[in-house]
Amino acid sequence: MARLSRAALAALPADARPTIDGDAGVGIVHLGVGAFHRAHQAVYTEDAIAAGGGDWAIAEVAPNSAAVVDALRAQDGLFSVTSLSGAGARTRVIGAVGRVLHAPSERSAVTDLLADPAIRVVTLTVTEKAYQPGSAMVKLLVDGIRARISAGAPPLAVVSCDNLPSNGSQLRALVAEAVPLPTSVTFPRTMVDRIVPASTAETYALVRSALGVDDLAAVEAEPYLQWVIEDDFPGGRPAWDLAGAVLTDDVAPWEQLKLRTLNGVHSTVAYLGALAGYETIAEALLMPGLTDLLRRFIADEIAVSFTPPPGVSVVAYGEEVLERFANPAIRHRTIQVAMDGSQKLPYRVLRTVLDVRARGLSPRFGALVVAAWMRFAEGTADNGEALPLNDPLAAQIRAELAGPGSVVDRLLSLTEIFPAELTGDFRDLVAEWHRDLSTHGVRATVAGAS
Ligand code: CS2
């Protein structure tokens, strides 16, 4: 079967071809070429170029994987995004990628590109764990910004698209530790949203039958997508607003809404679902009692923990999230969402717990999520199958699990994850859930919880 390429485009179904002709110059560097980026920022950028023009093609920089670089280069930067829902599948090819680089083997080309005044925006999807002082991502950005300063510091916006609160401010602080930042470099905050499971053999087969060519960089996603961006782009930006993104001066309530509701509930379903033996998020939602429990978590704890954007109801947003999670066409694996829990729990769940406690209420369901994460970290599902602990703190977590005394106390002592004030009544709540989950299993605990 032929590969997807510029030459193959004419033979594709007309509604699957890119909506731009591929001659826009490169104006964006993106670090982290994962499935989420391809199904999110790349789609918005293609639609923005189609609607508003401009030299905003993307230079993709892969921080690790050479496979995605090889796949995209062999396809002239083209790849497909298939939206999947109960109503069917729609595949479109994205033509917004102008260049592809591999950071480990093409380091100086990446630095030169980051210094190039034609580049006015850098976007990043590098996951929570890359936001550490001195990480490879931070070093790459610092070198790029130094080179840019030597080139006269042309204006640049560096846009974190990872699921962290104040993502732009966190990134700015990490970079500013290593290089004095000129005022011409900004770090707008964003909230990004689209459910994009890892591609599988089925994804590639689906695209082969939809397009009649092979696409080794294909991604699948839910139809829904959202992007809220702080409008602080000193060198200009693509017309993302014309592509449906919301440009605003206050992203904070959107970040909280999404992290605490969507991501918090996602992690809850991931840990409980994986422990109960469900392979996907949508299947896990079929567990008797789980949806009712999640509704109570949303209404009684998440919704009281923060102030949402004006006019938005957290409960209504939560209902929409539960519907999206239930999309049977999306096979998002519970263990994929469960990974990196030490990096995710603090922003997704523990801030909710602290705010619920500060209001004098009991963070009952927040404690259940923590207990479920602990059971997950212990490594065995209720049916006896092994669960993978894929986490940058895996060694520390395993060391605590191997020590003497109660699992709950040992894991709560990991200060990289749990704030010191999460003791006392919270510790007791977690211990109670942990005992229920260990003794009766997830299904019985969930069925008896609401
Ligand atoms: C998920 C997110 O893997 C995870 O931890 O919660 O990737 C989620 O699918 C996205 O944030 C949705 O926008």
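Bear in mind the structure is a predicted one, so any value in this text is a computation, not a measurement. Note that ligands are numbered from 1 as they come in the structure, with each ligand's atoms numbered from 1 the same way.
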| task | Give a yes/no on ligand 1: does His40 have at least one heavy atom closer than 4.0 angstrom to it? | result | no

Look at ligand 1 and say whether Met339 reaches it with a heavy atom at a distance under 4.0 Å. no

Out of [options], who is nearest to [atom] when you count heavy atoms only?
atom: atom 13 (O) of ligand 1; options: Asp193, Val269, Val321; result: Asp193
atom: atom 6 (O) of ligand 1; options: Gln336, His266, Arg194, Lys344; result: His266
atom: atom 11 (O) of ligand 1; options: Lys258, His332, Arg333; result: Lys258

Stepwise salt bridge (charged side-chain N to carboxylate O under 4.0 Å, His left out) test for Glu279 and Arg333: CA-CA 6 Å; Glu279 195 186 337; Arg333 300 182 74 208; 3.5 Å; yes

Atom 2 (C) of ligand 1 sits nearest the protein heavy atom Asn263 ND2, 3.7 Å

- Using a distance-only test with no angle check, is there a side-chain donor-acceptor pair under 3.5 angstrom linking Thr19 and Glu46?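 A pair is found: one side chain offers a donor N or O, the other an acceptor, under 3.5 Å apart.
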
Glu319/Arg295 salt bridge by N-O under 4.0 Å criterion: yes

Q. Hey, is Glu421 close enough to Arg357 for a salt bridge, meaning N to O under 4.0 Å?
A.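 So Glu421 does not pair with Arg357 through a salt bridge.
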
Per-atom contacts of ligand 1 with Arg348, taking only distances under 4.0 Å to non-hydrogen atoms:
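Listed by number with element, the hits are 1 (C), 4 (C), 5 (O), 6 (O).
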
Contact region, Asn163 to ligand 1, non-hydrogen atoms below 4.0 Å, reads side chain

Given Val314, which of Pro308, Pro309, Ser305 fulfils the side chain to side chain contact (heavy atoms under 4.5 Å, CB included) condition?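 The single option meeting the side chain to side chain contact (heavy atoms under 4.5 Å, CB included) with Val314 is Pro308.
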
**Prompt:** Should we count CG of Asp249 as having more than 12 external heavy atoms under 6.0 Å?
**Reply:** no

